[in-house]
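Below: the structure, in structure tokens.
To find a chain, count down the sequence lines: A is the first, B the second, and so on, and within it residues start at 1.
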Amino acid sequence: MEKLDRAFYLRDTVTVARELLGKRLCHWVGGALVAVEITETEAYTGVEDKACHSYGGRRTRRTQALYREGGHAYVYFIYGMYDLFNVVTESAQAPCAVLVRGARPVPGCEDAIAWLRFRKEYGELTPAQRRGLLDGPGKVCRGLGITREHNGMDLLGEELFIGAGASLGREFSIGVGKRINIGYAMEAVDFPYRFYCRFGDSDCKK
DNA sequence: CTTGCGATTCTA
DNA sequence: AGAATCGCAAGG
């Protein structure tokens with residue numbers, strides 16, 4: 001499968017966050033290629049964004065991956081329980097990233113369905129259950145088997161990458177809103193940096 | 001070394 | 001609305 005190239009990730013973070021909607025996030029794991037379609041993202045725009053881990057140029061062991069060139073993974077641990085997957089964007093001088101907040105299984109991708117079913121220990125999955133496997137940033141990592149071991153990984157490699165093709169699902173428009181759970185971020189709480197798929201009848205947000 | 005708290009999820 | 005649960009980052 002053709003992958004998004006470096007140039008895609010080196011662009012403006014908000015643009016990348018919008019354009020990642022509908023793209024296929026893929027992880028080769030356990031002998032299966034697990035592919036899901038991204039339905040919700042948030043942009044974290046770097047040193048001037050109080051909600052971003054690199055705000056003010058903060059550079060610690062945790063934030064190191066943010067200072068890589070665009071197209072790398074930034075995976076960090078939160079709330080004592082969850083790993084969250086981000087796509088690093090822009091140049092190495094601009095520590096920005098896009099948080100993947102939600103996804104859904106790609107129709108017809110049986111490897112992914114089998115993997116997700118295994119993760120949830122379900123026999124069969126209703127459409128609602130399939131959606132519920134990936135409808136939060138912690139669930140995206142759990143569902144795809146992404147952990148902190150993937151922190152800093154190059155998304156142009158073979159194991160973890162994002163497909164360049166158009167969405168396999170239905171057409172959608174882009175919904176915009178404020179980011180979730182960043183109440184501490186002063187003026188940045190109101191930035192319209194959350195993006196989600198709108199499918200006419202139903203939105204991909206809770 | 002200590003401590004406050006978080007880009008969440010699940011249950012009620 | 002609250003608990004679970006622990007690494008990170010800041011401060012002493």
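- Taking the side chain as every heavy atom from C-beta outward, A:Thr63 and A:Tyr76 never approach each other to under 4.5 Å.
- In this structure the side chain of A:Tyr55 never reaches within 4.5 angstrom of the side chain of A:Asp49, judged on heavy atoms.
- Residues A:Asp12 and A:Glu90 have side chains in contact (heavy-atom distance under 4.5 Å, counting atoms from C-beta outward).
- Using a 4.0 Å cut-off, some side-chain N or O of A:Arg101 falls inside it from OP1 or OP2 of B:dT8.
- One atom, CG of A:Asp135, and another, C1' of B:dA7, lie 16 Å apart when rounded to the nearest Å.
- The separation between A:Tyr76 atom OH and B:dG6 atom P is 12 Å, rounded to whole Å.
- Between A:Asn181 and B:dA7 there is no side-chain polar atom (N or O) within less than 4.0 angstrom of OP1 or OP2.
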Could you run through nucleotides 4-10 of chain C and give me one letter per nucleotide, 5' to 3': B if any protein heavy atom sits under 4.0 Å from the base, S if only the sugar-phosphate is that close, - if neither? BBBSSSS
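- Within the 4.5 Å cutoff, the side chain of A:Trp28 has no heavy atoms near those of the A:Val34 side chain.
- Residues A:Val176 and A:Arg18 approach most closely at CG2-NH1, 4.0 Å, considering heavy atoms.
- B:dA7 has its base stacked against the ring of A:Tyr44, the centroids being under 5.5 angstrom apart at an interplanar angle below 30°.
- Atom CG of A:Leu133 and atom C1' of B:dC10 are 15 Å apart (whole Å).
- Look at C:dT5: it lacks any Watson-Crick or wobble partner with both distances under 3.5 angstrom.
- When the P atom of B:dG6 is taken as reference, atom OH of A:Tyr55 falls 16 Å away, rounded to whole Å.
- The same atom, C1', is picked in B:dC5 and in C:dG2; the two are 16 Å apart, to the nearest Å.
- Side-chain N/O atoms of A:Arg179 include none lying less than 4.0 angstrom from OP1 or OP2 on B:dG6.
- At whole-Å resolution of the value, CD1 in A:Ile182 and C1' in B:dG6 are 12 Å apart.
- Taking 4.5 Å as the limit, some side-chain heavy atom of A:Tyr74 sits within range of a side-chain heavy atom of A:Asn151.
- A:Leu99 comes within contact range of at least one nucleobase, with a heavy-atom separation under 4.0 Å.
- Looking at heavy atoms from C-beta onward, A:Asn86 lies out of side-chain contact with A:Val75 at the 4.5 angstrom threshold.
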